[in-house]
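Computed from a predicted model, the values in this text were never measured in an experiment.
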Amino acid sequence: MAKKRSTTSGIEIKEVYTGPSHIVELPGEFPFTRGIQKDMYRGKPWTMRQYAGFSTAEESNKRYHYLLSQGTTGLSVAFDLPTQIGYDSDHELSEGEVGKVGVAIDSLYDIEILFDGIQLKDITTSMTINATAAILLAMYIALAKKQGADLTQISGTIQNDILKEYAARGTYIYPPTPSMRLITDVFEYCSKEVPKWNTISISGYHIREAGSTAVQELAFTLANGKAYLKAALEKGLDINVFAKRLSFFFNCHNNFFEEIAKFRAARRMWAHITKDLGATDAGAQKLRFHTQTGGSTLTAQQPFNNIIRVSNQALAAVLGGTQSLHTNGYDEALSLPTEAAAKIALRTQQIIAFESGVTDTVDPLAGSYFVEALTDEIEAAAQLYIDKIDAMGGAVKAIEQDYIQQEIAASAYQYQNDIESGEKVLVGVNKFTQSEEAASNVFRVDDSIRQMQIEKIKNLKNKRDNKAVKENLQLLRIAALGTENLMPLIVSSVENYATLGEIADVLRGVFGEY
């Protein structure tokens, strides 16, 4: 008897799928299973981003200019861990981490260097930042103002998704309630001042990287999305306005058809979630998402195999209807991507876009018995999780009760067991191995970067108007004790060159740490 087969989420795959397709909707129509635009990539290709940032702002700026020269159509900024958790480079807890997994940003001065020679009005920028998202967005807005840009026209995304930090990643600072306040303050501020900015990128990527299945990634991400919708509604915001500026960030792993079906199911489910919460504008019902290929699927063994893995994942993301895509470098299991690896990753997207033909029609796999059935099954399985989370009181309560964390951990444990037992094949790892590995160049960041950043901070504090900084931070502290929107005061603080750590410390003093 033939062995049963299933997706990574445990959905059994039939040997053959038969029967008429039940899909009658068209792309661009509710509930958007087939895509959020009627012409999709026939009208405009997805945004080709390359996630980049390392060392100092000067070094990262060089990489950004290189990527733009190679055809990247949007920038995606990686920040180092101190920046992500609100510490300046001179803080004792920053030692050993400055510039390592992203660029070190201590003040508006670093942002000015990071985007030197790049007009913010001409690009879209995605910033993978959460606990300090309001501060980094304030710096970006301050720079746009200095460049003379029309703030109503600048566009981009901040990740700003703190719930997945509690559930899967860990770079949170404040307790959940004040963290949600900061997020809704950003929603409110941007809807008036920076209306084209995507105020949150609700992330399934890190949930998947932590070990979840595709179904769990979908369910937990949409449950978090519901929590943000409800928090904004409780603040009195109009769902038909703020929901248009929400976006999502999904992972794409190796199971080709499961990933495509996941994306199709996500659009359909979100359309119904927003409609049920009162959205009547089609723009507020559409799920727009960025995709990054699976970092945890990359192997240090036989790293060139990762080029094929990334190609497979990128194609699935495109067939699933992504609006934006980042492709990983083949060497990222070993180090930050080298320039050569980043170029191959970008060329992968360009070949899919301009040579494969898959962009010539919208949702080309629609009507496939397999894909349609799998879309339905993934939706049903994800809905079971969401119903359980709703019964617990929503995503925040489920996280506080450790439910989501435990579900992810159990899946990660099972996945690792399957690899070690050989039940799941990883080419070059537990099958088709070789005794000698080809040497691979790796990219390392020097620890001397921290001293360079410390000198910058010293010089900045000697030159800036410290009285104005102190006054701004005091006003921010008073406002944090009350209920007013904090974004205008954060913008004013960064414009006076208060550092990221100084601003985060004021909020720590009021909100506490989690």
Looking at [Y], is its backbone amide N or carbonyl O close enough to the side chain of [X] to form a donor-acceptor pair, meaning the two atoms are under 3.5 Å apart?
| X | Y | value |
| --- | --- | --- |
| S492 | P488 | no |
| N462 | K458 | yes |
| S247 | I200 | yes |
| D331 | T338 | yes |

Worksheet item: Is the F248 to F289 ring centre distance short of 6.0 Å?
Response: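 No, the ring of F248 stays outside the 6.0 Å limit from the ring of F289, centre to centre.
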Worksheet item: Quick one: are the ring centres of F249 and Y205 less than 6.0 Å apart?
Response: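 When the ring centroids of F249 and Y205 are compared, they turn out to be within the sub-6.0 Å range.
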Worksheet item: Given the rule in the side-chain contact (heavy atoms from CB on, under 4.5 Å) test, do N198 and I158 qualify, once you have shown the distances and angles that lead to the verdict?
Response: CA-CA 7 Å; N198 298 322; I158 44 172; over 6 Å; no
Discussion item. Strictly below 4.0 Å, N to O, side chains only: are E495 and K146 in salt-bridge contact?
Written reply: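 Between K146 and E495 there is no salt bridge, as every charged N stays at least 4.0 Å from the carboxylate O atoms.
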Worksheet item: Are K145 and E193 close enough for a salt bridge, meaning some N to O gap below 4.0 Å?
Response: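 Judged by the 4.0 Å cut-off on N to carboxylate O distance, K145 and E193 do not form a salt bridge.
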Worksheet item: Of I162, N160, L163, N130, which meets side-chain contact (heavy atoms from CB on, under 4.5 Å) against S179?
Response: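 The side-chain contact (heavy atoms from CB on, under 4.5 Å) with S179 is passed solely by I162 among I162, N160, L163, N130.
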Give a yes-or-no answer on whether the side chains of [X] and [Y] include a donor-acceptor pair shorter than 3.5 Å.
| X | Y | value |
| --- | --- | --- |
| D106 | T499 | no |
| N466 | R464 | yes |
| N255 | H253 | no |
| S324 | R49 | yes |
| Q147 | K121 | no |
| R169 | Q84 | yes |
| K286 | Q37 | no |
| T83 | D80 | yes |

Work out which heavy atom in [X] is nearest to a heavy atom in [Y]; give both atom names and the distance.
| X | Y | value |
| --- | --- | --- |
| R267 | G321 | NH1-O, 3.6 Å |
| I135 | L500 | CD1-O, 4.0 Å |
| S493 | L473 | OG-CD2, 4.1 Å |
| F242 | A232 | CZ-CB, 3.3 Å |
| A104 | G99 | CB-N, 4.2 Å |

To the nearest 0.5 angstrom, please state how far the [atom1] atom of [X] sits from the [atom2] atom of [Y].
| X | Y | atom1 | atom2 | result |
| --- | --- | --- | --- | --- |
| T171 | E165 | OG1 | CD | 3.0 Å |
| E209 | Q292 | CD | CD | 7.5 Å |
| Y166 | E400 | OH | CD | 9.0 Å |
| S296 | E332 | OG | CD | 12.0 Å |
| Q349 | W46 | CD | CH2 | 6.5 Å |
| E259 | T8 | CD | OG1 | 6.5 Å |

Decide yes or no for [X] and [Y]: does some side-chain heavy atom of the first lie under 4.5 Å from some side-chain heavy atom of the second?
| X | Y | answer |
| --- | --- | --- |
| K343 | Y66 | yes |
| M487 | V194 | no |
| E217 | F250 | yes |
| E112 | D116 | no |
| I352 | T359 | no |

Item to complete: Report the C-alpha distance between V494 and I111 in whole Å, list the side-chain angles of each, state the deciding distance to 0.1 Å, and finish with yes or no for side-chain contact (heavy atoms from CB on, under 4.5 Å).
Response: CA-CA 11 Å; V494 302; I111 288 288; over 6 Å; no
Practice prompt. Begin with the C-alpha distance, continue with both residues' side-chain angles, and end with the deciding distance and a verdict on salt bridge (Lys or Arg N to Asp or Glu O under 4.0 Å) for R450 and D90.
Written response: CA-CA 7 Å; R450 180 172 184 247; D90 59 359; over 6 Å; no
Residues in side chain to side chain donor-acceptor pair (under 3.5 Å) with [X], at least two apart?
| X | answer |
| --- | --- |
| T125 | Y140 |
| K62 | E59 |
| S356 | none |

Practice prompt. Before giving the answer on side-chain contact (heavy atoms from CB on, under 4.5 Å), spell out for T72 and M48 the whole-Å C-alpha distance, their side-chain angles and the decisive distance to 0.1 Å.
Written response: CA-CA 6 Å; T72 290; M48 297 180 192; 5.7 Å; no
Discussion item. Would you say that more than 12 heavy atoms from the other residues, nucleotides or ligands in this model lie under 6.0 Å from the NZ of K470, or not?
Written reply: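 At most 12 heavy atoms, drawn from other residues, nucleotides or ligands, come within 6.0 Å of this atom.
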Discussion item. Check for me whether R347 meets the cation-pi criterion with Y330, that is, NZ or CZ under 6.0 Å from the six-membered ring centre and within 45 degrees of the ring axis.
Written reply: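 Because its charged atom misses either the 6.0 Å distance or the 45° angle limit, R347 does not stack over Y330.
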Practice prompt. Just do the side chain to side chain donor-acceptor pair (under 3.5 Å) check on S203 and D161 with the steps written out, would you?
Written response: CA-CA 7 Å; S203 176; D161 175 8; 4.9 Å; no
Practice prompt. Name all residues meeting the side-chain contact (heavy atoms from CB on, under 4.5 Å) criterion together with R309; count only those two or more places apart in sequence or in a different chain, and write none if there are none.
Written response: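 Partners of R309 under the side-chain contact (heavy atoms from CB on, under 4.5 Å) test: N254, T299, N305, N306, Q313, V427.
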Worksheet item: In chain order, what residues pass the side-chain contact (heavy atoms from CB on, under 4.5 Å) check against E407, with sequence neighbours excluded?
Response: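 With neighbours one apart ignored, the set is Q216, F220, Y385, Y403.
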Practice prompt. Please test K164 against Q159 for side-chain contact (heavy atoms from CB on, under 4.5 Å), starting from the C-alpha separation and ending with a verdict.
Written response: CA-CA 10 Å; K164 70 94 174 50; Q159 192 162 103; 2.9 Å; yes
Item to complete: With sequence neighbours excluded, tell me which residues meet salt bridge (charged side-chain N to carboxylate O under 4.0 Å, His left out) with K44.
Response: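 So K44 forms no salt bridge (charged side-chain N to carboxylate O under 4.0 Å, His left out) with any residue.
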